[in-house]
Peer 1: 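Pasting a structure here, questions to come.
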Amino acid sequence: MSLLSTRAILLKAHPFSETSLILRFFTRERGLVSVMARGLRRRGTPPEIFSSGVLVLYYRSNRDLQNYREFSVMHAHRELAGDVRRFAGASLLADLVLHHAGEEPSAALFAGLDASLGRLAEAPPEMIAVLILSSAWALVSLMGYAPELAVCVACGDGLDTAAVGRLDHAAGGVRCPRCAGPASEAPRIGPRAREQLRTLLLGEPVDGLDRVTQHLKVLRNYVHHHISGSRPLPSFPFLESVVGEAV
């Protein structure tokens, strides 16, 4: 057993007993780590969900549940818990990481999640929805699942700048008008929507983004096929219920 200190973000917590908690962290050095925090509820107030800081634990490579020593919070992100839309967005980002990441470290994914939670906590109200979308798509890209937007996923031909294709979630990209077929049920995606999606994949907000609920639906269906193992993430219904066209 070794003493490990690592940057970490608390993604989930649930009671184990009247005094103890099981905490799930995403760490920079060890990926996802589950820890048993014995007596933490008795000793004081547990750290808040989505807090970022330095985790110290007793680590054994052959154990699924590590022993907690302490968590020094650097950024509590309390604004996320104080606003239902911010909380819903942060819950989605946490869900994405919990369903994709393993014990392999990813400094880029850790940095992306950490920065996204900070931006979401500080965003002005009118920017919350677009920052949720840009942050989620940026994580999808960092995980290696960015959709193909430049060439048709069926025939391989480059997409004409004016082409209105169909976004094939299962195939991971856009089908050109010829390969989509007239009876396709896949959502239409034209040049403006493709450009917006390119921007969101970079983690950048889109000025004047419209049809927010439609963008959320596209994100949900894409994640369903590529990240969540064809199981719906529980955070999506909550998010879609609080984020609408008006925001």
Peer 1: Just jot down the side-chain contact (heavy atoms from CB on, under 4.5 Å) partners of Glu195, sequence neighbours excluded, or say none.
Peer 2: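 Arg198, Thr199.
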Peer 1: Say you draw a straight line from CZ of Arg220 to CG of Leu239; how long is it, rounded to the nearest 0.5 Å?
Peer 2: 10.0 Å
Peer 1: Could you go through the side chain to side chain donor-acceptor pair (under 3.5 Å) check for Ser52 and Arg7 one step at a time?
Peer 2: CA-CA 8 Å; Ser52 172; Arg7 282 290 311 279; 2.9 Å; yes
Peer 1: Check each of His226, His224, His225 against Tyr222 using the ring pair (Phe, Tyr, Trp, His ring centres under 6.0 Å) test, and report the only one that passes.
Peer 2: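 Of the listed residues His226, His224, His225, the ring pair (Phe, Tyr, Trp, His ring centres under 6.0 Å) partner of Tyr222 is His226.
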Peer 1: If every non-hydrogen atom of Pro125 is compared with every non-hydrogen atom of Arg86, which pair is closest and at what distance?
Peer 2: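 Of all heavy-atom pairs spanning Pro125 and Arg86, the closest is N-NH2, 4.3 Å.
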Peer 1: Give me the atom names and distance for the closest heavy-atom approach of Val243 to Ala129.
Peer 2: CG1-CB, 3.7 Å
Peer 1: Give the cluster check for Leu4 versus Ile22: same hydrophobic cluster or not, with ILVMFWY residues linked at side-chain heavy-atom distances below 4.5 Å.
Peer 2: no
Peer 1: Is it true that a side-chain atom of Gln66 and a backbone atom of Leu57 form a donor plus acceptor pair closer than 3.5 Å?
Peer 2: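 The answer is no, because no donor-acceptor pair under 3.5 Å joins these two groups.
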Peer 1: Any side-chain heavy atom of Val56 within less than 4.5 Å of one from Tyr68?
Peer 2: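 Answer no - side chains too far apart.
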Peer 1: To the nearest 0.5 Å, how far apart are OG1 in Thr27 and CD1 in Ile9?
Peer 2: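 One gets 9.5 Å once the value is rounded to the nearest 0.5 Å.
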Peer 1: Closest heavy-atom contact between Pro205 and Met127?
Peer 2: CB-CE, 3.7 Å
Peer 1: Of all the heavy-atom pairs spanning Ala88 and Val242, show the shortest one and how long it is.
Peer 2: CB-CG2, 3.7 Å
Peer 1: Is there a path of hydrophobic side-chain contacts, each under 4.5 Å between heavy atoms of I/L/V/M/F/W/Y residues, joining Val153 to Tyr145?
Peer 2: no
Peer 1: For the residue pair Phe25 and Phe71, is the inter-centroid distance of their aromatic rings smaller than 6.0 Å?
Peer 2: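 Yes - the distance between ring centres of Phe25 and Phe71 falls below the 6.0 Å cut-off.
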Peer 1: Under the criterion side chain to side chain contact (heavy atoms under 4.5 Å, CB included), I'd like the reasoning laid out for Val174 against Arg166: C-alpha separation, chi angles, the key distance, then a yes or no.
Peer 2: CA-CA 5 Å; Val174 179; Arg166 299 277 182 170; over 6 Å; no
Peer 1: Please tabulate, one pair per line, all N/O donor-acceptor pairs under 3.5 Å involving side-chain atoms of residues 31-43, not counting sequence neighbours.
Peer 2:
unit_1	atom_1	unit_2	atom_2	d
Ser34	OG	Arg24	NE	3.2
Arg41	NH1	Ser17	O	2.8
Arg43	NH1	Arg38	O	2.7

Peer 1: Please evaluate residues Leu149 and Leu159 with respect to the criterion side chain to side chain contact (heavy atoms under 4.5 Å, CB included), reporting the C-alpha separation (whole Å), side-chain torsions for both, the decisive distance (0.1 Å), and the verdict.
Peer 2: CA-CA 8 Å; Leu149 302 174; Leu159 292 167; 5.7 Å; no
Peer 1: With a 4.5 Å cut-off on side-chain heavy atoms, are His215 and Leu209 touching?
Peer 2: yes
Peer 1: Which distance, rounded to the nearest 0.5 Å, do you find between the CG of Leu202 and the OG of Ser141?
Peer 2: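 Answer for the CG-OG pair, Leu202 versus Ser141, is 7.5 Å.
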Peer 1: Check whether any side-chain N or O of Arg78 sits under 3.5 Å from a backbone N or O of Glu48 as a donor-acceptor pair, and report yes or no.
Peer 2: no
Peer 1: If you count every heavy atom of other residues, nucleotides or ligands that lies below 6.0 Å from Arg63 atom CZ, does the total exceed 12?
Peer 2: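 Above 12, so yes.
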Peer 1: Return yes if some donor-acceptor pair links the side-chain N/O of Ser51 with the main-chain N/O of Pro47 below 3.5 Å, else return no.
Peer 2: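 The answer is no, because no donor-acceptor pair under 3.5 Å joins these two groups.
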Peer 1: Out of curiosity, Leu93 CG to Ile132 CD1, how far, rounded to the nearest 0.5 Å?
Peer 2: 8.0 Å
Peer 1: Would you indicate whether the side-chain heavy atoms of Ser20 and Pro15 approach each other to under 4.5 Å?
Peer 2: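 SC-SC contact between Pro15 and Ser20 ruled out.
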Peer 1: Out of curiosity, does Leu23 fall in the hydrophobic cluster containing Val54 (side-chain heavy atoms, cut-off under 4.5 Å, transitive links)?
Peer 2: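 Cluster IDs for Val54 and Leu23 differ.
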Peer 1: Going by heavy atoms in the side chains, are Phe26 and Leu10 under 4.5 Å from each other?
Peer 2: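 Phe26 vs Leu10: side chains apart.
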Peer 1: For residues 96-108, please give each side-chain donor-acceptor pair under 3.5 Å, one per line with the distance, not counting sequence neighbours.
Peer 2:
unit_1	atom_1	unit_2	atom_2	d
His99	ND1	Asp95	O	3.0
Ser106	OG	Leu109	N	3.2

Peer 1: Under the criterion side chain to side chain contact (heavy atoms under 4.5 Å, CB included), I'd like the reasoning laid out for Val164 against Ile189: C-alpha separation, chi angles, the key distance, then a yes or no.
Peer 2: CA-CA 6 Å; Val164 177; Ile189 180 166; over 6 Å; no
Peer 1: Any link between Ile128 and Val212 through a network of hydrophobic side chains (Ile, Leu, Val, Met, Phe, Trp, Tyr) touching at under 4.5 Å?
Peer 2: yes
Peer 1: When clusters are formed by joining ILVMFWY residues with side-chain heavy atoms under 4.5 Å apart, either directly or through shared neighbours, do Leu65 and Leu21 land in the same one?
Peer 2: no
Peer 1: Salt bridge (Lys or Arg N to Asp or Glu O under 4.0 Å), that's the test. Do Asp114 and Arg28 meet it? Break it down for me.
Peer 2: CA-CA 10 Å; Asp114 198 25; Arg28 188 167 60 189; over 6 Å; no
Peer 1: Any side-chain heavy atom of Glu240 within less than 4.5 Å of one from Thr213?
Peer 2: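 Not touching, per the 4.5 Å side-chain cut-off.
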Peer 1: Is the Phe50-Phe87 ring centre distance short of 6.0 angstrom?
Peer 2: yes
Peer 1: Just verifying a value: how many Å separate Glu148 CD and Leu167 CG, rounded to the nearest 0.5 Å?
Peer 2: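 Nearest 0.5 Å value for the CD-CG distance: 11.5 Å.
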Peer 1: Testing the basics here: between Pro191 and Ala163, what is the closest heavy-atom pair and its distance to 0.1 Å?
Peer 2: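 Here Pro191 and Ala163 meet closest at CD-O, 3.4 Å.
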Peer 1: How far apart are the C-alpha atoms of Leu11 and Leu113, what are their side-chain angles, what is the distance that settles it, and do they pass the side chain to side chain contact (heavy atoms under 4.5 Å, CB included) test?
Peer 2: CA-CA 11 Å; Leu11 300 184; Leu113 177 61; 4.0 Å; yes
Peer 1: If you compare all heavy atoms of Gln214 against all heavy atoms of Pro187, which two are closest, and at what distance to 0.1 Å?
Peer 2: NE2-CB, 4.5 Å
Peer 1: Could you grab the distance from atom CG of Leu133 to atom CD of Gln196, nearest 0.5 Å is fine?
Peer 2: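 Here the interatomic distance stands at 10.0 Å.
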Peer 1: Look at atom CZ of Phe16 and say whether more than 12 heavy atoms of other residues, nucleotides or ligands are closer to it than 6.0 Å.
Peer 2: no
